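Model, not experiment: these values are computed from the prediction.
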Amino acid sequence: MSVEWFLGIWTCIGIAWWVVALILVVSARNRGNQTGDPDPRRISVFKPLPRSLSDQEFARFDASIESFIADLDSNCELLIGCHRPDQGRLEEYVLKMRDRYPGADIRLVVDENPNRYPHPKVSWMRVMEPHATGELWLWSDSDMVAPPGTIRSMRIDYKKTRARCLTSPYVIKKAGGAAEMLDALYVNLEFYPGVVLLSGQKMIQFGLGSGMLFEAEDFHRRVDWDFLGGCLAEDFHLGGLLKPTQLASMRLSTVPAAQGWKEAVLHYLRWQKNIRWCRPGPYAAQLVVIPLLGWLAWLLTSPMEQAAWMGLLIVLIADAVAALSICSMVGCRISWRRLPILPLWSVLRGFSWVACWFPWPIVWRGQKWWSPHQVVEPETGMLETQRQTRLD
């Protein structure tokens, strides 16, 4: 078989995947589930916040957390994890929310230094645990936005599916700056269709940090805090520990976290590396739908070959059409000014797939992770290196 035929077949497979991805996204429109018998038990919603929020970050979390507060029913509570330096501002925020939503049960959990584990979110969940009064826990990242009816929909889904863990899919609906497009393209095109596909095949064996609803008693029986606190992708492992896990029918949304190109690229690579660590087999299989690597390899050896340039152009156009179509279906409009970012994303997608097979660490919140899990000392909750630093 000639190079042209091989790469042509590879390209057809890549385009076919985009067609399938579009069909999956269309079939999984955000309908929610509002008819049926909801689980009546009390829900504790956990919302830990990062430390020392800037005004811009606080504004982003403000809208996200309020969307959950507005959706609380009479048998829910929302716990906000707050570092001591942010206490004053968040106390004012809670008072404002109580005035705006008089029936909402909102409480602030304040801690000076909740860094018990390498993973800061798990550290916060452990701090907030004694304050939770619900039989059901809903863990949700602080930057997630809940459409109206989310909690009722999750109650109905949880009872109907009889899953131990119900986890929420999510998309990005708005990307303002050019660098933010990387987050939007990854979530909407690379992440979301794959999650919907696995859900349809009953192959969800992981959780998503957007939202995870489960029984508190089930958590205590099946999950070890020290193990979970040492996991970089704690949501992934928690869903596996609590399986069977099912995908919720209500889709949440979030906003890009990157503030510039450097941060956006590092965030993108961190996402890719995390998937590579957690699911190496499926990650390796992604090569089948990344024909751009084949065309680039041919161009490196034959830079004057016109067929190679034509094939590369076809792949870039197919990726761009897929990006415009799928992002439009989830409510994320890509302006004409952002179109030049699409080929950059296509190339980065290919190179990151290759790069993630090499040994390099994920740097997150000041820590280096050389593997998806760090061993934590059960008696202290700290890493050996952390304990030595404290003793010195």
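Under the 3.5 Å distance criterion, the side-chain polar atoms of Ser67 are left unmatched by any main-chain donor or acceptor of Val145. A donor-acceptor pair under 3.5 Å links the side-chain atoms of Arg276 to the main chain of Cys356, judged by distance alone. Under the 3.5 Å distance criterion, the side-chain polar atoms of Arg155 are matched with a main-chain donor or acceptor of Arg41. Side chain of Ser153 to backbone of Gly149: no donor-acceptor contact under 3.5 angstrom is found. Thr167 places no side-chain N or O within 3.5 Å of a backbone atom of Gly207 that could act as its donor or acceptor partner. Under a 3.5 Å cut-off, the side chain of Ser123 and the backbone N or O of Arg116 do form a donor-acceptor pair. Put simply, the side chain of Trp357 gets close to the backbone of Trp353: a donor and an acceptor are under 3.5 Å apart. Distance alone, capped at 3.5 Å, places no donor-acceptor pair between the Asp111 side chain and the Cys82 backbone. Side-chain N or O atoms of Asp105 include none that pairs as donor or acceptor with a backbone N or O of Leu78 at under 3.5 Å. Remark: the backbone N or O of Ala184 is paired with a side-chain donor or acceptor of Asn188 at under 3.5 angstrom.
Trp124 and His119 have their aromatic ring centers separated by at least 6.0 angstrom. Ring pair Trp139/Phe219: centre-to-centre distance below 6.0 Å. The six-membered or imidazole ring of Phe214 lies away from that of Tyr158, with a centre-to-centre distance of 6.0 Å or more.
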Working note: Gln87 + Glu91, criterion side chain to side chain contact (heavy atoms under 4.5 Å, CB included); need CA distance, chi angles, decisive distance, verdict. CA-CA 6 Å; Gln87 181 176 357; Glu91 284 177 343; 2.8 Å; yes

Output, in order, the C-alpha distance, side-chain angles, deciding distance and verdict of side chain to side chain contact (heavy atoms under 4.5 Å, CB included) for Thr161 and Leu247. CA-CA 9 Å; Thr161 63; Leu247 204 65; over 6 Å; no

Test side chain to side chain donor-acceptor pair (under 3.5 Å) on Thr245 and Arg164; report intermediate values, then the result. CA-CA 6 Å; Thr245 301; Arg164 282 200 180 94; over 6 Å; no

Check against salt bridge (Lys or Arg N to Asp or Glu O under 4.0 Å), Arg84 and Glu112: CA-CA 5 Å; Arg84 186 76 64 187; Glu112 189 72 41; 3.3 Å; yes

Output, in order, the C-alpha distance, side-chain angles, deciding distance and verdict of side chain to side chain contact (heavy atoms under 4.5 Å, CB included) for Leu49 and Leu90. CA-CA 10 Å; Leu49 291 176; Leu90 284 167; 3.7 Å; yes

Walk me through it: do Asp62 and Lys96 pass the test salt bridge (Lys or Arg N to Asp or Glu O under 4.0 Å)? CA-CA 11 Å; Asp62 180 349; Lys96 181 179 71 173; 3.8 Å; yes

For side chain to side chain contact (heavy atoms under 4.5 Å, CB included), just list the numbers for Arg333 and Lys173, CA-CA rounded to whole Å, side-chain angles, deciding distance to a tenth of an Å, and then say yes or no. CA-CA 8 Å; Arg333 179 179 173 273; Lys173 292 187 175 182; over 6 Å; no

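Between His220 and Trp137, the ring-plane angle classifies as perpendicular under the 30° and 60° cut-offs. His237 and Phe227 have perpendicular rings, their planes meeting at more than 60° on a 0 to 90° scale where under 30° would count as parallel.
With contacts defined as side-chain heavy-atom distances shorter than 4.5 Å, the pair Val223/Leu242 qualifies. Counting only heavy atoms from C-beta outward, the side chains of Asp71 and Pro147 never approach each other to under 4.5 Å. Taking the side chain as every heavy atom from C-beta outward, Ser140 and Lys47 approach each other to under 4.5 Å. Side-chain contact check for Glu66 versus Tyr101: some heavy-atom pair is nearer than 4.5 Å. Two residues are said to be in side-chain contact when any heavy atoms from C-beta on lie closer than 4.5 Å; Pro50 and Phe61 meet this criterion. For the pair Ile326 and Tyr192, the minimum side-chain heavy-atom distance is 4.5 Å or more. At a threshold of 4.5 Å between non-hydrogen side-chain atoms, the residues Phe68 and Leu138 count as touching. Counting heavy atoms from C-beta on, the side chains of Asn75 and Ile43 never come closer than 4.5 Å.
A side-chain donor-acceptor contact under 3.5 Å links His267 and Asp183. For the residue pair Glu190 and Gln286, no side-chain donor N or O sits within less than 3.5 Å of a side-chain acceptor on the partner. Looking at Arg251 and Ser168, their side chains never bring a donor and an acceptor atom within 3.5 Å of each other. No side-chain N or O of Ser325 forms a donor-acceptor pair with one of Trp18 less than 3.5 Å apart. In the model, Tyr117 has a side-chain atom that pairs as donor or acceptor with a side-chain atom of Arg126 under 3.5 Å. Checked by atom type, the side-chain pair Tyr186/Arg349 shows no donor-acceptor distance below 3.5 Å. Side-chain atoms of Asp157 and Ser249 form a donor-acceptor pair, as typed in the model, at a separation below 3.5 Å.
Phe191 pairs in a ring-ring contact (aromatic ring centres under 6.0 Å, His included) with only one of the listed residues (Trp271, Tyr170, Tyr268), which is Tyr170.
The heavy-atom pair separating Trp17 from Val289 by the smallest distance is CB-CG1, 3.5 Å. For Met181 against Ala175, the heavy-atom pair with the smallest separation is SD-CB, 3.9 Å. When all heavy atoms of Pro359 and Lys273 are compared, the closest pair comes out as CA-NZ, 4.3 Å. Between Tyr283 and Ile275, the shortest heavy-atom distance links the atoms CD1-CG2, 3.7 Å. Across Ser142 and Ile65, no two heavy atoms sit closer than the pair O-CG1, 4.1 Å. When every heavy atom of Leu293 is checked against every heavy atom of Gly350, the shortest pair comes out as CD2-O, 3.5 Å.
Between Leu252 atom CG and Met144 atom CE the span is 7.0 Å, to the nearest 0.5 Å. Note that SG of Cys165 and CZ of Phe206 are 11.0 Å apart. Values are rounded to the nearest 0.5 Å. The distance from the CE atom of Met154 to the CG atom of Leu136 is 10.0 Å, given to the nearest 0.5 Å. Rounding to the nearest 0.5 Å places CZ of Phe46 at 10.0 Å from NE2 of His131. To the nearest 0.5 Å, the span separating CG on Leu189 from CG on Asp319 amounts to 8.5 Å. Atom-to-atom distance recorded for Ile341:CD1 and Leu348:CG is 12.0 Å, nearest 0.5 angstrom.
We find that Lys121 and Asp141 are joined by a salt bridge, their nearest charged nitrogen and carboxylate oxygen being less than 4.0 Å apart.
Side-chain heavy atoms closer than 4.5 Å link hydrophobic residues (I, L, V, M, F, W, Y) into clusters, and following such links, possibly through other members, connects Val347 to Trp298. Cluster annotation: Val354 is connected to Phe351 through the hydrophobic network of ILVMFWY side chains, with a link wherever side-chain heavy atoms come within less than 4.5 Å. Neither Ile314 nor Leu324 shares a network with the other; the hydrophobic side chains, linked directly or stepwise wherever heavy atoms of I, L, V, M, F, W or Y lie under 4.5 Å apart, form separate groups for each. By the rule that hydrophobic residues join a cluster once side-chain heavy atoms approach within less than 4.5 Å of another member, Leu208 and Ile172 end up as members of one cluster. Transitive grouping of hydrophobic side chains (ILVMFWY, heavy atoms separated by less than 4.5 Å) keeps Trp5 and Leu313 in distinct clusters.
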